[in-house]
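Working notes, structure below.
Since this is a predicted model, take the numbers as computed values, not measurements.
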Amino acid sequence: MTGISHNNLHHNQRDLLKGAAANLFGFIARLGARLPFLFVVALLYGKIIFGQYLFAVTIVETLTAIILFGFKRSLFHFLNDDLMQNNLAGVYNTVFTTMIFCLCFGSILIIPLYIGQDFFFHFFPKEMAKGVFIILPTALLYALTEILLTATRAARKMRYEVTAKSIVEPYVLLGGAAGLFVINKVELGLFYAYWLMNISIFIYALHSFSRVYKKNIRNSHWISLTKIKSMTLFSAPTAVYDLIGVLILRIDIYFLAALVSPSALGVYGIALQIVTIVKKIRQSFDPILEPVISQTMKQSSLGHVSKELSQVSYWIFSIQAMIFTLLIFYAGPLLGLFKASAGEAPLTLLILIAAVIIQGSFGLGELIFLYKKPSVNPMLSLVILFLHASLCYFMSLKFGIVGAAASLFISYGVTELLRLMLIKYFFDVIPFDLRIVKPIFISSLLFGYLKLIDTTLELQSLLGLVFGIAGGIIVYFICFFLIAQKEEKFILLRKLNIKK
């Protein structure tokens, strides 16, 4: 390794830690809004309305993924070129070109949906789908927001996305939902709150972009059809991959919306909201990981890229494994807080979290294909989509919400196994190493500790919560520290402001 490569690797590791720490702070801030939001929807609006809201938001998120056309990630490829040349006019031109493309493309998609909404109701019961057309246009607004925030991330300014996604978005949604319930807008309150959230986050994204790129728009070049063509061709494989990824992630909701009651879907949605908290561990790295890996691909070898991805996989899995172990004992009581612990809900939650761990901890190899062989990701995902759709339909018919969760777990497992095999075949690297065994060993110690507590205390009592959750986290991190490498210990001590 040359001196330059070593410096770049050290710089990237520092940026990854710094960016992830900022986003992890955002995750904690968002947790402060997500749990109260769950209380609002479960205890005030009820599971039926929440099931309708969940289905409508799922439609919007799917449509947003189509409208974005992969630019949320592929845009770095073009912005990096502009930034390396210190071409701010090029940055403005790239961003505005992307936004205009998304607006035109999105309008072409949304208008026919309104015209043919009666046809839409043939597939989904009107009771389930009536909220869809209230919030459908927010897909355009959120796509534009994502473009603006992606541009701020390209400059490695993470605080704007953290603030937008972790403070503005969840707290406006929480405040809007609670306020609209107070003024007796129960039937449509969640949908109006979703509109309010989208408007607020878009305004903040505009403000953030103007703070990062201070330049007069009038000096930007005219939008070029040639540039639109080149950006579209480059982003097309990523667009297909992102859309398939959203469908894989949300096809369970589509099937359940057609097969079960809004109340059952509401219970599944509450479980998904809790799973989202675990998913944020991976997502706390994504905003900084993508630009760092994109730049490393251009400046260094795949060996360095693999080493960086291995490190991040280890960090993610270490945290997610601890949470999963704790929820083996506390899934039922946690769901009980939202009146959703009956029947198969706890098992559904655990299976969903296991699926997220597989995708979050072992799925970072997708970034290698994204920048080196972008056609592989969509082809692999298309195969998995057919597998997941088939499994989800039949397993949901037979086992309900547990079947939907199990189909996601199986599909993610097959996906990541195939992806790792393909990475090894094409590039002769594996983006994780044997350190991944450490969290498994530590989790087994945590499981033993919690089992011991369970035999002496009632886990749902105050002492059970203190010794189980707080004590369990302390036990986990003490074990982690004892077997950690010297560099990891140094990072932990520095983050805790503990000097030698």
Do the side chains of Arg435 and Ser310 get nearer than 4.5 Å, heavy atoms only? yes

Would you say the ring centers of Phe317 and Phe362 fall short of 6.0 Å from each other? yes

Check the angle between the aromatic planes of His77 and Phe234 and answer parallel, tilted or perpendicular using the 30° and 60° thresholds. parallel

State whether Phe426 and Lys372 meet the cation-pi test: NZ (Lys) or CZ (Arg) under 6.0 Å from the six-membered ring centroid, and within 45° of the perpendicular axis. no

So Ile410 and Leu391, do their side chains get closer than 4.5 Å, heavy atoms only? yes

Is the Tyr476 ring parallel, tilted or perpendicular to the Phe480 ring (thresholds 30°, 60°)? parallel

May I ask you to decide if Gly464's main-chain N or O and Ser461's side chain share a donor-acceptor pair within less than 3.5 Å? yes

I'd like to check Leu417 versus Leu420 (side-chain heavy atoms, cut-off strictly below 4.5 Å). Are they in contact? no

Measure from the side-chain N and O atoms of Ser443 to the backbone N and O of Thr325, and report whether any donor-acceptor pair falls under 3.5 Å. no

Would you call Asp242-Arg73 a salt bridge at under 4.0 Å N-O? yes

Any donor-acceptor pair under 3.5 Å from Ser166 side chain to Thr163 backbone: no

Taking NZ, NE, NH1 and NH2 as the nitrogens, is one of them in Glu161 or Lys165 under 4.0 Å from a carboxylate oxygen of the other? yes

Residue that, paired with Val172, satisfies side-chain contact (heavy atoms from CB on, under 4.5 Å) out of Leu196, Ile167, Ile201: Leu196

Near Tyr393 OH, under 6.0 Å, is it more than 12 heavy atoms from other residues, nucleotides or ligands? no

Assess whether side chain to side chain contact (heavy atoms under 4.5 Å, CB included) is satisfied between Val312 and Glu308, documenting all intermediate values. CA-CA 6 Å; Val312 176; Glu308 290 178 354; 5.7 Å; no

Would you please indicate if the ring centroids of Phe78 and Phe71 are separated by under 6.0 Å? no

Taking OH in Tyr45 as the centre, count heavy atoms belonging to other residues, nucleotides or ligands within less than 6.0 Å. Is the count above 12? yes

May I ask you to test the Glu61-Tyr142 pair for a side-chain heavy-atom distance under 4.5 Å? no

Carefully, step by step, assess Tyr268 and Asp252 under the rule side chain to side chain donor-acceptor pair (under 3.5 Å). CA-CA 10 Å; Tyr268 191 77; Asp252 50 353; 2.5 Å; yes

Any donor-acceptor N/O pair, Ser407 side chain to Ala404 backbone, under 3.5 Å: yes

Is there side-chain contact between Pro439 and Trp315, with heavy atoms separated by less than 4.5 Å? no

Beyond-backbone contact of Thr62 with Leu243, side-chain heavy atoms, under 4.5 angstrom: yes

Indicate yes or no for a side-chain donor-acceptor contact from His388 to the backbone of Ser411 under 3.5 Å, with no hydrogens or angles considered. no

Please assess Leu265 against Phe50 for the test side chain to side chain contact (heavy atoms under 4.5 Å, CB included), listing each intermediate value before the final yes or no. CA-CA 8 Å; Leu265 184 59; Phe50 184 53; over 6 Å; no

Could you go through Leu352 and Leu272, starting from their C-alpha distance and side-chain angles, then the distance that decides it, and tell me whether this counts as side chain to side chain contact (heavy atoms under 4.5 Å, CB included)? CA-CA 8 Å; Leu352 285 172; Leu272 286 177; 3.9 Å; yes

Phe369 ring center near Phe427 ring center (under 6.0 Å): yes

Exam field: side chain Ser306 to backbone Leu302, donor-acceptor pair closer than 3.5 Å: no

Out of Leu190, Val41, Ile253, which residue meets the side-chain contact (heavy atoms from CB on, under 4.5 Å) rule with Leu54? Ile253

Over 12 foreign heavy atoms within 6.0 Å of OH, Tyr204: yes

Run the numbers on Met197 and Tyr194 for side chain to side chain contact (heavy atoms under 4.5 Å, CB included), then give the verdict. CA-CA 5 Å; Met197 178 270 289; Tyr194 192 77; 3.5 Å; yes

